[in-house]
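A short write-up of the structure that comes next.
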Amino acid sequence: MSDPVATLTRLLQPVFDELVESDAGVGNESADPTVRPSDRADAQINGALPLAKRLGTNPRELAQRVIDSGVLADVAEGVEVAGPGFINVTFSSEFLASELDVVRSADGLGIEPDSREMQVVVDYSAPNVAKEMHVGHLRSTAIGDSLVRMLEAHGHRVTRENHVGDWGTPFGMLIEHLLDLGETEAAEALSLGDLNSFYKDARVAFDASDEFQERSRQRVVLLQAGDPETMRLWEILVDLSAAYFNTVYRKMGVLLTDDDLAGESRYQPLMPDVIERLRAAGLVEESDGADVVFPPGFENRDGDPLPLIVQKGTGGFNYATSDLACIIDRTERIGADLILYVVDAGQSQHFQMVFAVAKMAGWLDDETDAVHVPFGIVLGTDRKRLKTRSGEPVRLVALLDEAVARAEAAVAEKNPDLEPDVRADVARSIGIGAVKYADLSTDRIKDYVFDFDRMLAFEGNTGPYLQYAHARICSIFRREGVDRASVRAASIELVEPQEPALARQILAFPTAVDAALETYSPHKLCTYVYDLATAFSSFYEHCRIKGSPEPIYSSRLALADLTARVLERSLGLLGIDAPEQM
RNA sequence: GCCUCCGUAGCUCAGUUGGAUAGAGCGGUCGCCUCCUAAGCGACAGGCCACAGGUUCGAUUCCUGUCGGAGGCGCCA
């Protein structure tokens, strides 16, 4: 780990251990040095206070003993005891420069693979076949995509699973509507990406005609029986929808492909086995005609035990059964150590119950964990759930297209010299990046306000600001006629105050990724990148590169290059492009 | 009624597993382009961290309660 704050912790841990061991009376529980970034110095060591309490000594004296150990001499140029016993540390420029040398020669820019390589399954996106993707799918897709990228960067094997809704009673209606339209006409309508009207028309036909309803019910029976002709028709719907989803995914620039499709239909054959195994474990009870499992600790509104229904009174299976089948499949076939469900917060109790039952059945344990990664809803500027004027969900593509169009207009205005085809690419990167960044940059558990003006304002904590910082650096090298790779061996000299500040921010990169991954919160990485871009902008204003004498000139170019690499990598982990000009 | 999540500057949000004087951006006021992209930088103003207790040397952070907002609560997915 190249982060100097982490290095400090590593250096100090033996010192704190020694202090604990030297006092027989306090047990051998280790003491955390508690090193934190500080606004009064580069870092502050807080661990002396609680330890002094345990040892019954004066905290300032203890802090002085920590300093007297001498371990800070190699990394710090300023060390002082402050307040009740804090130790303020200012890193030496030489130490920071040597840490930068380590980072810039490493592919991971400081990121290192986890000691335990895990097989992780990430369940995200999950649109419905023959239904339009809307804002609700934006969050799951963007957050899941970023988590996948971060997990892979940490050396884990990641299986993406797109749990599309491709099964269930609505398909009787959809297939009958397909037949009524005629296969070729229906195929044309669906391939245009107009899934909304297809679904709605089917619903209208269903509501208007008893005969249609009856046909639909018959069709569901045929579908569940695996009737070949019905399956063929069903596959048309699935394939056309998947093709449409792919156009959206390509537009968004996420990793999902057809290989990641793991629809509900895939788990249908596994359902009876779920019931059998639950029965064998003695977990199934009969309640009001349904087969259920009562996980402890859940109650309904009357205070009675709340069941997870695994087989309906009609004999059919439901969502819970399917989720349990998924868990079995993912742990036993894929060998998952960890399963992430990037699904809205409203499903929280459902997942808690499913996981509880899976643990009762022994499908999940300490070695194999399942985690619900919940997120809040997208609000309009009126603070209500984002909808169109007519009250319908906003189509995701409409949202993305408008963001790109607005970005294109802004680029045309701010940088009219850009070649038209370059401009289109840049506008796409900016527009999509702005939408994703707005989604990823706040704590996912909270609802957030979707506001084009804000996310595309190109100022403040937005995607475009970050991309701008990166493009600016690329521009420096273009203007100077210097190849970026050529400065990577140059000696780095940190002179002006903005230079060590930028260095410290660069070195904090792996810590930021760790923190984001620890709680599956991409916004922590967003906060980091924003701080990095800010540190660079400040450096750029105060530390002139062009015309500076050597070795300052090369040093600053090296710092700029490294900043750009970390910016690009960080944005990459968020699934956001870093254009070279804008 | 029970459960979960949320409540921080006028607005939108951070706050790194309890640390000193709570930070950004937008909006407001004021500076900075004969100079590498001003899509920028610097400064000022703006706070009872919803409220009340508790634990602690120390609480925006942990616990309890109250108020306010959102969501969930047996055969939809």
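Lettering of chains follows the sequences in order, A, B, ..., and the numbering in each one begins at 1.
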Just call it for [X]: base, sugar-phosphate, or nothing, with non-hydrogen atoms closer than 4.0 Å on any strand.
X	answer
A:Glu480	nothing
A:Ser475	base
A:Pro37	base
A:Arg385	nothing
A:Gly346	sugar-phosphate
A:Asn88	base
A:Arg544	base
A:Pro84	nothing
A:Pro50	base
A:Leu49	base
A:Ala469	nothing

Can you tell me the distance, in whole Å, between the [atom1] atom of [X] and the [atom2] atom of [N]?
X	N	atom1	atom2	answer
A:Lys546	B:C35	NZ	P	9 Å
A:Ile445	B:G7	CD1	P	11 Å
A:Glu499	B:C41	CD	C1'	16 Å
A:Asp451	B:G25	CG	P	18 Å
A:Met455	B:C11	CE	P	20 Å
A:Asp304	B:C73	CG	P	17 Å
A:Gln352	B:G72	CD	P	15 Å

Which of these nucleotides, [options], is closest to any side-chain atom of [X]?
X	options	result
A:Asn415	B:A77, B:A39, B:A24	B:A39
A:Tyr468	B:G40, B:G23, B:A77	B:G40
A:Tyr465	B:A14, B:C41, B:G19	B:C41
A:Ala290	B:A39, B:G40, B:C75	B:C75
A:Met582	B:A39, B:C75, B:C57	B:A39
A:Arg383	B:C41, B:U12, B:G25	B:U12
A:Leu306	B:G74, B:C36, B:A39	B:G74
A:Arg479	B:C36, B:C11, B:A38	B:C36
A:Ser287	B:G74, B:G25, B:U37	B:G74
A:Lys53	B:U56, B:A77, B:G7	B:U56

For this session: Take A:Phe86 and A:Asn300, find for each the nucleotide of RNA chain B with the closest heavy atom, and name the residue whose nucleotide sits nearer the 5' end.
Result: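 Taking each residue's closest nucleotide, the earlier one in sequence belongs to A:Phe86.
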Exercise. When you match A:Ala320 and A:Pro305 each to their closest nucleotide on RNA chain B, which lands nearer the 5' end?
Worked result: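 By nearest-heavy-atom nucleotide position, the 5'-most residue is A:Pro305.
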Residue pair [X] / [Y], side-chain donor-acceptor N/O under 3.5 Å:
X	Y	value
A:Ser265	A:Asp166	yes
A:Glu480	A:Tyr553	yes
A:Asp323	A:Tyr341	no

Problem set entry | For RNA chain B, the residues among residues 422-443 of chain A that have a non-hydrogen atom under 4.0 Å from it |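 Of all residues in residues 422-443 of chain A, the ones placing a heavy atom under 4.0 Å from RNA chain B are A:Thr442, A:Asp443.
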Exercise. What are the residues of residues 505-523 of chain A, sorted by number, that bring a heavy atom to within less than 4.0 Å of RNA chain B?
Worked result: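 A:His523 - these, ordered by number, are the residues of the stretch whose heavy atoms sit under 4.0 Å from the strand.
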Exercise. According to the interplanar angle, ranging from 0 to 90°, do the rings of A:Trp234 and A:Trp167 count as parallel (below 30°), tilted (30 to 60°) or perpendicular (above 60°)?
Worked result: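 Perpendicular, since the angle between the ring planes exceeds 60°.
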Exercise. Angle class for the A:Phe452/A:Phe450 ring planes (parallel below 30°, perpendicular above 60°, tilted otherwise)?
Worked result: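 Perpendicular: the ring planes of A:Phe452 and A:Phe450 meet at over 60°.
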Between [N] and [M], how far is it from one [atom1] atom to the other, in whole Å?
N	M	atom1	value
B:A59	B:U64	C1'	15 Å
B:A50	B:C13	P	15 Å
B:U16	B:A22	P	15 Å
B:C44	B:G65	P	43 Å
B:A45	B:C26	C1'	15 Å
B:C41	B:C35	C1'	14 Å
B:U17	B:C63	P	15 Å

Pairing nucleotide - [N], Watson-Crick or G-U, each distance under 3.5 Å:
N	answer
B:C67	B:G7
B:U60	none
B:U29	B:A43

Exercise. Given the rule in the side-chain hydrogen bond (donor to acceptor under 3.5 Å, both in side chains) test, do A:Asp439 and A:Tyr448 qualify, once you have shown the distances and angles that lead to the verdict?
Worked result: CA-CA 8 Å; A:Asp439 196 290; A:Tyr448 83 97; 2.8 Å; yes
Output yes when [X] and [Y] qualify as a salt bridge under the 4.0 Å nitrogen-oxygen rule, no when they do not.
X	Y	value
A:Lys524	A:Asp443	no
A:Asp447	A:Arg385	no
A:Arg139	A:Asp344	no
A:Glu408	A:Arg428	no

Exercise. Is the shortest side-chain N/O distance from A:Ser537 to OP1 or OP2 of B:C41 below 4.0 Å?
Worked result: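 Yes, A:Ser537 has a side-chain N/O under 4.0 Å of OP1/OP2 on B:C41.
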For this session: Answer yes or no: does a side-chain N or O of A:Lys312 lie under 4.0 Å from OP1 or OP2 of B:A77?
Result: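 Checking B:A77 against A:Lys312, a side-chain N or O does come within under 4.0 Å of OP1 or OP2.
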For this session: With syn defined as a glycosidic angle within 90° of 0 and anti as everything else, classify B:C35.
Result: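 Nucleotide B:C35 adopts anti.
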Exercise. Can you list the steps and then say if A:Asp531 with A:Thr534 is a side-chain hydrogen bond (donor to acceptor under 3.5 Å, both in side chains)?
Worked result: CA-CA 5 Å; A:Asp531 289 341; A:Thr534 303; 5.1 Å; no
Exercise. If you measure from the ring centre of A:Tyr540 to the centre of the six-membered ring in the base of B:C36, is it under 5.5 Å, with the planes under 30° apart?
Worked result: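 Yes.
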Problem set entry | ring-ring contact (aromatic ring centres under 6.0 Å, His included) involving A:Tyr465 - partner list, sequence neighbours excluded |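 Once residues adjacent in sequence are excluded, the partners of A:Tyr465 under the ring-ring contact (aromatic ring centres under 6.0 Å, His included) criterion are A:Tyr530.
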